[in-house]
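Order of the sequence lines fixes the chain letters, A, B, ..., with proteins taken first and strands second; residue numbering starts at 1 for each chain. No experiment lies behind these values; they were computed from the predicted model shown.
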2 protein chains.
Amino acid sequence: MSAVLVIEDDDRIRLSLMLAMEDEGYTVRGAGTAEEGLRAHRAEPADTVLVDLMLPGMDGFEAIRQLRRDDDVPIVVVSARDDTHDIVAALEAGADDYVVKPVAVKELSARLRALRRRSRTTLAEPVPALRFGDLEIIPEAGEVRLAGDAVALTRTEFRLLCELADHPGRVLSRQQLLQRVWEYDTGDERIVDVHVGRLRHKIEHDPRTPRHVVTVRGLGYKLQR
Amino acid sequence: MSAVLVIEDDDRIRLSLMLAMEDEGYTVRGAGTAEEGLRAHRAEPADTVLVDLMLPGMDGFEAIRQLRRDDDVPIVVVSARDDTHDIVAALEAGADDYVVKPVAVKELSARLRALRRRSRTTLAEPVPALRFGDLEIIPEAGEVRLAGDAVALTRTEFRLLCELADHPGRVLSRQQLLQRVWEYDTGDERIVDVHVGRLRHKIEHDPRTPRHVVTVRGLGYKLQR
DNA sequence: ACGGGTTTGTCATCCGACTGTCATACCTGC
DNA sequence: GCAGGTATGACAGTCGGATGACAAACCCGT
């Protein structure tokens with residue numbers, strides 16, 4: 001039904017977590033290292049990830065960042081360390097929640113439900129396929145078609161396009177795009193220009209006179225038609 | 001920018017929470033009882049709600065349920081009780097997170113950020129298009145249409161038009177326009193004339209006899225339908 | 001762990017559009 | 001007709017956006 005991935009190096013804890021989650025009705029997979037976990041998730045994406053922070057090799061923070069790079073899956077840190085600094089760092093890295101071991105199974109389960117409730121409402125929204133004239137965007141397939149032909153976009157270009165497509169006809173400022181696509185709170189806004197340029201070269205018939213990704217001088221960019 | 005509502009009966013704790021949140025850049029409001037909090041939220045919805053569980057009168061659980069009845073606002077419980085049963089009950093009632101007092105401000109702040117990132121509403125808001133006869137202003141698209149055809153305005157022209165449109169039929173002095181459009185406290189009022197002229201050339205059928213942007217001799221300009 | 005190809009962010013630079021200023025012409029109410 | 005207020009056209013400086021080059025970071029299969 002819905003799959004949980006447990007990344008935890010201590011075999012005993014991992015197994016007990018997995019058992020507990022299984023009892024709650026989840027399909028469960030486990031991984032002993034961050035690398036293994038990432039690979040497993042790439043092979044078959046989970047619906048929720050539980051991750052420890054202290055792992056051999058790549059640590060949990062880095063694992064979270066890598067997961068978050070191109071996935072919106074709910075991530076809950078399950079760590080032995082009850083330390084503000086760790087908690088903040090993990091959440092900043094992209095985790096959604098942080099619980100301290102040992103944790104009551106009932107609590108973990110309730111937190112997962114709360115998180116999944118929250119994620120579903122925002123994630124289930126994206127429309128199956130978006131059309132803008134001859135431009136077709138299939139978000140879940142990560143695919144874009146131009147007059148029926150698939151176009152190869154990079155991750156950043158795709159996210160940029162999706163963000164614009166989520167608000168058709170509406171101007172998004174460079175600042176907004178930076179925050180939503182790059183998750184930067186601050187930074188050089190020019191990178192947006194550069195990527196818009198690259199995107200245009202791929203999806204506009206004539207990049208010099210864009211018909212889809214339109215510049216609104218002084219305000220930002222918008223996607224139209 | 002974004003508003004936090006703190007519902008907590010202990011004055012000291014409420015104030016310290018509010019101060020902390022203010023430091024983090026939020027606009028903050030407080031309430032001492034659940035009833036008061038619900039009323040405040042109805043009057044002016046917050047973007048995030050912090051709520052205690054033990055409140056005089058209606059308790060926190062019920063407050064959460066009532067909030068959830070018709071609102072998707074992120075809710076974080078800030079409680080003194082570190083009890084699995086309470087945590088589960090609060091999350092089941094509709095809370096998104098549960099932290100135990102005393103909580104590090106940095107942690108609370110990080111949890112709020114994580115939650116807001118997750119709940120970022122991607123719902124396209126209704127289009128508040130303004131109409132003045134055949135003139136149509138779509139602020140969020142940065143677009144102006146004249147009899148259905150898009151008109152290319154510069155940023156200054158657009159802001160000027162929006163400012164006039166925000167007060168239909170009302171005369172705005174050059175001084176007011178300077179302040180609101182140019183954000184000048186002082187300066188040559190003639191700039192306004194020049195830009196009004198340019199604007200007219202773009203949105204008036206006959207710029208010599210303007211029908212929309214009208215001069216009121218000695219006072220300023222106004223926009224009419 | 002390694003290495004080649006890809007993607008990404010930064011930068012310098014170019015170009016055109018926009019802006020403010022001014023001089024001048026125009027208009028309106030008295 | 002006069003005077004104060006308003007409109008307009010020209011102009012040069014400035015600003016914002018586009019682009020190509022480049023190096024670092026990243027990703028992937030080996």
Side-chain angles (χ1 to χ4, degrees), chain A residues 33-35 38-39 41-43 56-58 62-63 65-71 142 151-161 171-175 177-179 181-204 206-210 212-222, chain B residues 142 151-161 171-175 177-178 181-204 206-222:
Chain A
T33 67
E35 290 83 353
L38 290 176
R39 217 174 313 124
H41 185 67
R42 249 196 302 274
M58 184 193 302
E62 187 53 29
R65 267 186 289 272
Q66 300 233 0
L67 269 173
R68 264 289 168 277
R69 197 187 306 289
D70 47 15
D71 202 317
V151 182
L153 295 187
T154 70
R155 184 170 46 237
T156 308
E157 289 158 4
F158 184 70
R159 285 222 249 166
L160 175 59
L161 180 58
V171 179
L172 297 178
S173 70
R174 291 178 173 70
Q175 196 59 48
L177 291 170
L178 260 189
Q179 285 177 219
V181 177
W182 281 264
E183 279 156 33
Y184 289 177
D185 278 344
T186 175
D188 189 355
E189 296 185 344
R190 296 290 127 231
I191 53 176
V192 180
D193 299 32
V194 174
H195 282 272
V196 165
R198 288 170 182 162
L199 181 56
R200 278 175 176 157
H201 273 283
K202 295 186 179 178
I203 64 171
E204 298 282 0
D206 177 8
R208 306 271 166 164
T209 58
H212 290 121
V213 183
V214 180
T215 304
V216 182
R217 185 174 243 266
L219 294 179
Y221 299 95
K222 69 177 175 182
Chain B
V151 182
L153 295 187
T154 71
R155 182 166 53 141
T156 308
E157 289 158 4
F158 186 70
R159 288 222 264 169
L160 175 59
L161 180 58
V171 179
L172 296 178
S173 70
R174 290 178 174 71
Q175 197 59 49
L177 291 170
L178 260 188
V181 177
W182 280 265
E183 281 157 28
Y184 288 178
D185 281 343
T186 175
D188 189 354
E189 295 185 346
R190 297 293 126 227
I191 312 177
V192 181
D193 299 31
V194 175
H195 282 272
V196 166
R198 288 170 181 161
L199 180 55
R200 280 174 175 157
H201 272 282
K202 294 185 179 178
I203 64 170
E204 298 283 1
D206 177 9
R208 306 272 166 163
T209 58
R211 290 175 38 237
H212 289 121
V213 183
V214 181
T215 304
V216 181
R217 195 184 169 83
L219 293 178
Y221 300 95
K222 68 175 177 180

**OP:** For H212(B) and I203(B), work out which heavy atoms get closest and say how close.
**Re:** ND1-O, 4.0 Å
**OP:** Report the nucleotide, chosen from dT8(D), dA18(D), dG29(C), that has the shortest atom-to-atom distance to any side-chain atom of D193(A).
**Re:** dA18(D)
Original post:
Between the base of dG5(D) and the side chain of R174(B), is there a donor-acceptor distance below 3.5 Å?
Top reply: no
Original post:
What nucleotide among dT6(D), dT19(C), dT8(C) has an atom nearest to a side-chain atom of H195(B)?
Top reply: dT19(C)
Original post:
At under 4.0 Å, does any side-chain N or O of R190(B) touch on OP1 or OP2 of dG20(C)?
Top reply: no
Subject >> K202(A) side-chain N/O to A152(A) backbone N/O, donor-acceptor pair under 3.5 Å >> reply: yes
Subject >> N/O (side chain, T156(B)) to phosphate O (OP1/OP2, dC18(C)) under 4.0 Å >> reply: no
Original post:
Can you tell me if the side-chain N/O atoms of R208(A) get under 4.0 Å from OP1 or OP2 in dA18(D)?
Top reply: no
**OP:** Among dT19(C), dG9(C), dT6(D), find the nucleotide with the atom closest to the side chain of T215(B).
**Re:** dT6(D)
Original post:
Can you check salt bridge (Lys or Arg N to Asp or Glu O under 4.0 Å) on R211(B) and D206(B), steps first, answer last?
Top reply: CA-CA 8 Å; R211(B) 290 175 38 237; D206(B) 177 9; over 6 Å; no
**OP:** Would you classify Y184(B) as touching base, sugar-phosphate or nothing, given that sugar-phosphate means primed atoms plus P, OP1 and OP2, and contacts are heavy atoms under 4.0 Å?
**Re:** sugar-phosphate
**OP:** Using a 4.0 Å heavy-atom cut-off across all strands, classify I191(B) as base, sugar-phosphate, or nothing.
**Re:** sugar-phosphate
Original post:
Which nucleotide, dA7(D), dC15(D), dA21(D), lies nearest any side-chain atom of R217(A)?
Top reply: dC15(D)
Original post:
Does the side chain of T215(B) come under 3.5 Å of the side chain of R200(B) through a donor N or O and an acceptor N or O?
Top reply: yes
**OP:** Between dA18(D), dG9(D), dC27(D), spot the one nearest the side chain of Q66(A), thanks.
**Re:** dC27(D)
Original post:
Base, sugar-phosphate, or nothing for Y221(B), non-hydrogen atoms under 4.0 angstrom?
Top reply: sugar-phosphate
Original post:
Under 4.0 angstrom, heavy atoms only, what part of the nucleic acid is V194(B) near: base, sugar-phosphate, or nothing?
Top reply: base
**OP:** Return yes if the base of dG17(D) and the side-chain atoms of R155(B) contain a donor-acceptor N/O pair under 3.5 Å, otherwise no.
**Re:** no
Original post:
When all nucleic acid strands are considered with a 4.0 Å heavy-atom cut-off, which category describes G187(A): base, sugar-phosphate, or nothing?
Top reply: nothing
Subject >> Exam field: side chain R155(B) to backbone L219(A), donor-acceptor pair closer than 3.5 Å >> reply: no
Original post:
Roughly how many Å is it from CD in E189(B) to C1' in dC22(C), rounded to a whole number?
Top reply: 17 Å
**OP:** Looking only at side-chain atoms of H201(A), point me to the closest of dG16(C), dG20(D), dG20(C).
**Re:** dG20(D)
Original post:
Checking all strands, does R198(A) fall into the base, sugar-phosphate, or nothing category for heavy-atom contacts under 4.0 angstrom?
Top reply: base
